[in-house]
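Atoms within a ligand are numbered from 1 in the order they appear, just like the ligands themselves. Quick note: numbers below take in every heavy atom, side chains included, and nothing from hydrogens, waters or symmetry partners.
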Amino acid sequence: MTGAADWRRGLPPMRAQVIPPDLADPLARLAPRLRGIGHDLHWYPEVNSTSDVAAVLAGRGVPEGVVVVADAQTAGRGRAGRTWWSPPGAGLYVSIVLRPTSEVARLLTLAAGVAVAEGVAAATALDLQVKWPNDLYAGPRKLGGMLAEAAHDTRHVILGIGLNLLVTAYPPAIADRATSIEAELGRPPDRGLVLAECLSALDRRYGDLRQGRGAAMIDAWRARAAHSFGRHVEWYEAGRPRRGMVEDVATDGALLIQTPEGPVALRSGEVRWI
Ligand code: BTN
């Protein structure tokens, strides 16, 4: 059980809980494909953020590929300081301890987007699209997102993944822009299978990056981002709005945008479709 004293000191409980059978069974079936990522999975009914728990475990020196999953998060976070809505059982809230080189780290969120889309497709046959740099969409609505957070000393990266599984009462600010696998399929997914297939696809795509096969991943990303090319977007640079048309993604993961002032290669931040 959660050690209250541990939480007061900001540490995750020493011992995670027994993994529920609906997760444990598919993970066991796919275990031969989970040698690099998912060989060790820590399950919690509720945490503040799985990425915080994973960061503490990383600081204690756990090996690369350790995964933290929770049924609910009380302080799930998204990009740009936003909150990630994380009610019990309605989503997959997953964080992974990785120790990538800087070259691999640069392509990590794009690779994670491709991998999670592939994992969802394998588990449900749903065809998701990616939006630079780290969003997953089903048509016009967001279904998931990735957040890669590097340690200050860059000795590890925590890759956080949030996926909406079930229809739920989203907060008004995102209600008309969010969707879930259940809403798209018309039935609830097998969450254990979704988790196991996503970890397996991540294992494969992360291995590709480490072995210098980033170009194949970029091609796969492009194929899932076709809806973005030719679209007009807005983003902020030094506090000022800029606009342009998305042309492509570069081999280093930058988004290539044509603007009236000339071409721009965007390496960080996010864009809004206009
Ligand atoms: C985004 O803004 O699109 C990224 C969302 C990332 C959410 C996940 S849920 C698991 C992990 N724990 C967190 O607190 N955030 C990430």
Should the ring pair W221 and F229 be called parallel, tilted or perpendicular, given that the plane angle runs from 0 to 90° and is split at 30 and 60?
tilted
At a 4.0 Å threshold, what atoms of ligand 1 neighbour a non-hydrogen atom of G76?
14 (O)
Which ligand 1 atoms are under 4.0 Å away from a heavy-atom of M146?
4 (C)
With heavy-atom distances below 4.0 Å as the criterion, list the atoms of ligand 1 near S95.
11 (C), 12 (N)
Would you mind finding which of G160, S49, A70 brings a heavy atom closest to atom 14 (O) of ligand 1?
S49
Pair R77 + D52: basic N to acidic O under 4.0 Å
yes
I need the nearest protein heavy-atom contact for atom 10 (C) of ligand 1: residue, atom name and distance, please.
T50 OG1, 3.2 Å
In terms of its nearest heavy atom to atom 6 (C) of ligand 1, the top option of Q73, K142, R77 is R77
Is a donor on one side and an acceptor on the other found under 3.5 Å between the side chain of T168 and the backbone of Y170?
no
Could you pull out every donor-acceptor pair under 3.5 Å between side chains of residues 115-130 and any protein atom, sequence neighbours left out?
{"unit_1": "E118", "atom_1": "OE1", "unit_2": "R205", "atom_2": "NE", "d": "3.1"}
{"unit_1": "E118", "atom_1": "OE2", "unit_2": "R205", "atom_2": "NE", "d": "3.3"}
{"unit_1": "E118", "atom_1": "OE2", "unit_2": "R205", "atom_2": "NH2", "d": "2.7"}
{"unit_1": "T124", "atom_1": "OG1", "unit_2": "V120", "atom_2": "O", "d": "2.7"}
{"unit_1": "T124", "atom_1": "OG1", "unit_2": "L126", "atom_2": "N", "d": "3.1"}
{"unit_1": "D127", "atom_1": "OD1", "unit_2": "R224", "atom_2": "NH1", "d": "3.2"}
{"unit_1": "Q129", "atom_1": "OE1", "unit_2": "G139", "atom_2": "N", "d": "3.0"}
{"unit_1": "Q129", "atom_1": "NE2", "unit_2": "D127", "atom_2": "O", "d": "3.0"}

Which segment of D135 sits under 4.0 Å of ligand 1 when only heavy atoms are counted:
side chain
Numbering as shown, the atoms of ligand 1 that approach G78 to under 4.0 Å (heavy-atom distance):
1 (C), 2 (O), 4 (C), 5 (C)
Check: W84 N/O within less than 3.5 Å of ligand 1 N/O
no
Are Y93 and W85 close enough that their ring centers fall under 6.0 Å?
no
Min N/O separation R79 to ligand 1 under 3.5 Å
yes
Between E247 and R231, is there a salt bridge with N-O shorter than 4.0 Å?
no
With respect to E64, which candidate in R210, R155, R99, R35 satisfies the salt bridge (charged side-chain N to carboxylate O under 4.0 Å, His left out) definition?
R210
Using 4.0 Å as the upper bound for N to carboxylate O, is an ion pair formed by K131 and E270?
no
With the threshold set at under 4.0 angstrom, would you say R82 reaches ligand 1 through any of its heavy atoms?
no
What atoms of ligand 1 come closer than 4.0 angstrom to any heavy atom of I161?
8 (C), 9 (S), 10 (C)
